[in-house]
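Computed from a prediction, not measured in an experiment: that's the story for all the values here. Sequence lines set the chain letters: A, B, ... in the order given, protein chains first and strands last, and positions in each chain run from 1.
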4 protein chains.
Amino acid sequence: MRHKDDKKNQAICDAAIELITANGFADTSMSKIAKTANVSPATIYVYFENKENLLNKIYLFVKQEMSSEILKGVDQNLSVEKAFKMIWNNYYQYAIKNPVRFAFTEQFANSPMVDRICKNESSTYFKPMLDLFNRGKEEKVFKDISLEIFTAFTFAPLTGLIKEHFSGALVLDEKMLETTYKIAWDAVTN
Amino acid sequence: MRHKDDKKNQAICDAAIELITANGFADTSMSKIAKTANVSPATIYVYFENKENLLNKIYLFVKQEMSSEILKGVDQNLSVEKAFKMIWNNYYQYAIKNPVRFAFTEQFANSPMVDRICKNESSTYFKPMLDLFNRGKEEKVFKDISLEIFTAFTFAPLTGLIKEHFSGALVLDEKMLETTYKIAWDAVTN
Amino acid sequence: MRHKDDKKNQAICDAAIELITANGFADTSMSKIAKTANVSPATIYVYFENKENLLNKIYLFVKQEMSSEILKGVDQNLSVEKAFKMIWNNYYQYAIKNPVRFAFTEQFANSPMVDRICKNESSTYFKPMLDLFNRGKEEKVFKDISLEIFTAFTFAPLTGLIKEHFSGALVLDEKMLETTYKIAWDAVTN
Amino acid sequence: MRHKDDKKNQAICDAAIELITANGFADTSMSKIAKTANVSPATIYVYFENKENLLNKIYLFVKQEMSSEILKGVDQNLSVEKAFKMIWNNYYQYAIKNPVRFAFTEQFANSPMVDRICKNESSTYFKPMLDLFNRGKEEKVFKDISLEIFTAFTFAPLTGLIKEHFSGALVLDEKMLETTYKIAWDAVTN
DNA sequence: TATGAATGAGGGTTCATTCAT
DNA sequence: TATGAATGAACCCTCATTCAT
């Protein structure tokens, strides 16, 4: 009996992420994914139940990878400020180093295509970030605002700028990044 | 020769916006648009060259409508602060009153589908907003930051919160809106 | 606007009947039907909702045609004996003259593929036959047996012999037919 | 060298008969048969050359089993009448006790799928029945008719009624069975 | 202008079968 | 022998678009 080939699985995932990011989910056919992954269309169905399941699994996979990169080096002993800055920078670094994966997650961040269960599970990966937010509020470092507003003034602006950076409308250099960080930090801290 | 029927044109646009917003561009077939608009599929091709052209024209149309709503009441005589607040609130009002159109524009804001020319043209509609931004910088009201950073801390946060409001993850009430505005204003002003 | 082309409809039906009879429903693809009918596969969907609907419509059509042929010349004024003989002979004639259509209906006579509604409707076409059976019983010409037993000894034997005739296992000549008729008549009459 | 596992062979046959009877030959995939038989799809090809060969072998197997059941207790010493009645009843009993196998054989009785050789071979299993028929004619018990007509008025009616019994359109009780037998006997005897 | 008919290309998916272990 | 992985071909069906009126 043949073993399940991990390289094939990876090739399919990579092809799917690349194509979906470039052309969108609906315009990415299973055939095209197969062709890009150098695999028969039928082979995809050995690893994934169907197209939607493929999307969900890949989304979870990328989110997990992303979260582990972003939370790298963060632990309870760090001060709120240092921990937050580290996460913020890690997020930026991940996006810059993995532009395709970053674009992929952004495409489905607010999409109904990725089902709710899948999204909930993915949000658990980021629990340490939530803990930090709560600790910051307890320590009166952060303003007494909701998580959504907090995110809206910290990660949302960065995300927006990174997107424009990738689109070529903007060059997000070191200095701009620092400016942005400073404004964000001031916006949500007392 | 008969004139092109403006009602038919409008019906097609409305149908397209509704269906695209609900199901996405790729899952919205010309036949379905035709059926929803009570028109033959072939008739759509009397008004639009093809599907992509339909999307572009509709995108421009909605952007134009949106900009005229958002800039309503804004003129040079208003102080920077008053003008900005007015625009910010108008934007919120437009989104709340036109959830479908708002969702429609958001869907394509970062999409490769709407071609570059189309996007550039659409940004000209918001020139008064750009003028205001420059005036604010000249008057030293706004910080000396780029337009992109300015937007990232003013409209981007609001857009994010509105999306979460529509998704049901959040209730964006009067008080939260004020809090958000205050943080945004403080973030970009000296 | 183009008119719906009745020749195309007919060509599709003929092709479907022929292919389904020869190869069975499951082994008859829409593409093959299209090719045989000299039509695009998509065109079939202009006339039929889907493959199953195609089968149902064709089944009804053939049954209707068949019943009108079989009941031709039969009316209330004929004696039970003469009317029955006429129907019996008409049935034989129809089968011999329309071997493909005969085989087609036989293939689906006891099949769950043709849905119940469709079958019920088709059985109404043969109501005159049922009336004759009841009249025969009232007049004490026929034995006091159920319709099913009646059919089992009149049409079922003939059907079986016709099938063997077509399969080449048998030559169903005039004399054999008369013998069969006589046995059938004696079997169900007092 | 390991022996071929007879239990696996049997499991595959049972699964195939069940699925084919329930869903038809074309809608029964090798994978589904494998799954139902708790076996790998590839294993089926150890026992059968391909799908068609699987069908033929199973058909022969069931026919053989059926014939041995039907001819059980029949021998040369019995009178023609007693022997015939025994066979007729055995046939009915077999059908009632093995509805799936009965339905299976019926499905392919007039199908082009089971190839000619296969059918011929299967008919040899019933040779004792043929002998009885010839003896009955010699003894002037049976009318001087062909085997086909004989079958058409003895087994064909019973088969038809059993089918309707299974389809639920009819309840074939003891009394009805007797009536049917009597008519059949009278139809083919002097 | 306006239309329903018509279509080739392509969609996702399943299939019988073979491969490699 | 026995298997799960792997596959090209084929499945039904929908699509954006054009045709003919």
Side-chain angles (χ1 to χ4, degrees), chain A residues 1-6 8-9 12 26-34 38-54, chain B residues 1-5 8-9 12 26-35 38-54, chain C residues 1-6 8-9 12 26-34 38-54, chain D residues 1-5 8-9 12 26-35 38-54:
Chain A
M1 186 197 85
R2 225 183 280 181
H3 290 329
K4 241 181 201 177
D5 189 342
D6 217 18
K8 282 210 165 68
N9 192 344
I12 293 168
D27 281 349
T28 299
S29 72
M30 295 299 256
S31 313
K32 282 179 198 158
I33 294 173
N38 262 105
V39 144
S40 161
T43 303
I44 300 181
Y45 290 86
V46 174
Y47 296 88
F48 305 93
E49 293 167 37
N50 52 43
K51 204 187 173 191
E52 194 176 330
N53 174 262
L54 169 68
Chain B
M1 187 188 95
R2 259 184 281 174
H3 291 327
K4 280 193 188 177
D5 187 341
K8 281 212 165 69
N9 193 339
I12 293 168
D27 283 348
T28 299
S29 70
M30 296 298 258
S31 304
K32 282 177 196 159
I33 294 173
K35 197 162 284 176
N38 267 324
V39 144
S40 162
T43 304
I44 299 180
Y45 289 84
V46 174
Y47 295 88
F48 305 92
E49 291 167 37
N50 52 41
K51 204 185 174 191
E52 197 174 327
N53 175 261
L54 169 67
Chain C
M1 187 196 82
R2 227 184 276 183
H3 288 330
K4 243 183 199 174
D5 189 341
D6 217 19
K8 281 209 166 70
N9 193 344
I12 293 168
D27 282 347
T28 300
S29 71
M30 297 297 256
S31 311
K32 283 178 199 157
I33 295 174
N38 263 108
V39 146
S40 161
T43 304
I44 301 180
Y45 291 85
V46 174
Y47 296 87
F48 305 94
E49 294 166 37
N50 51 44
K51 204 187 173 189
E52 195 177 326
N53 175 262
L54 168 68
Chain D
M1 187 188 94
R2 258 184 280 175
H3 288 329
K4 280 193 188 178
D5 187 340
K8 282 213 165 69
N9 193 340
I12 293 168
D27 283 348
T28 299
S29 71
M30 297 296 259
S31 303
K32 282 177 196 159
I33 294 173
K35 197 163 283 176
N38 265 326
V39 143
S40 161
T43 303
I44 299 181
Y45 289 84
V46 174
Y47 295 87
F48 305 93
E49 293 166 37
N50 52 42
K51 204 186 174 191
E52 196 175 329
N53 175 262
L54 169 67

* Got a second to check how far C/Asp5's CG is from C/Ile12's CD1, nearest 0.5 Å? -> 9.5 Å
* Structure fact -> Note: for A/Lys51 and D/Lys51 on DNA chain E, the residue whose nearest nucleotide lies more 5' is A/Lys51
* Structure fact -> When rounded to the nearest 0.5 Å, the distance separating CG of B/Asn9 from CD1 of B/Ile44 is 10.5 Å
* Structure fact -> By nearest-heavy-atom nucleotide on DNA chain F, the more 5' of B/Glu49 and A/Tyr47 is A/Tyr47
* Asked: Is the phosphate of F/dA2, meaning OP1 or OP2, less than 4.0 Å from a side-chain N or O of D/Lys8?
  -> yes
* Asked: Does the side chain of D/Leu54 reach to within under 4.5 Å of the side chain of D/Met30, using non-hydrogen atoms?
  -> yes
* Base, sugar-phosphate, or nothing for D/Thr43, non-hydrogen atoms under 4.0 angstrom? -> base
* Structure fact -> Closest of F/dC12, E/dT17, E/dC19 to the C/Met30 side chain is F/dC12
* **Position toward the 5' end of DNA chain F (nearest nucleotide), B/Asn50 or A/Ile44** => A/Ile44
* Kindly say if D/Tyr45 contacts the phosphate of F/dT1, meaning a side-chain N or O under 4.0 Å from OP1 or OP2. => no
* What base-paired stems does DNA chain E take part in, with at least 3 consecutive Watson-Crick or G-U wobble pairs and both distances under 3.5 Å? -> E:2-21 with F:2-21
* Structure fact -> By nearest-heavy-atom nucleotide on DNA chain E, the more 5' of C/Val39 and A/Ala42 is C/Val39
* Asked: With respect to the phosphate group of F/dC15, does any side-chain polar atom (N or O) of B/Lys32 fall under 4.0 Å of OP1 or OP2?
  -> yes
* Asked: Has C/Ser29 got a side-chain N or O lying under 4.0 Å from the OP1 or OP2 atom of F/dA10?
  -> no
* Does C/Lys4 use its side chain to pair, donor to acceptor, with the backbone of C/Tyr47 at less than 3.5 Å? -> no
* **Nearest-nucleotide pick for C/Val46, side chain only, options being E/dA6, E/dT1, E/dG8** => E/dA6
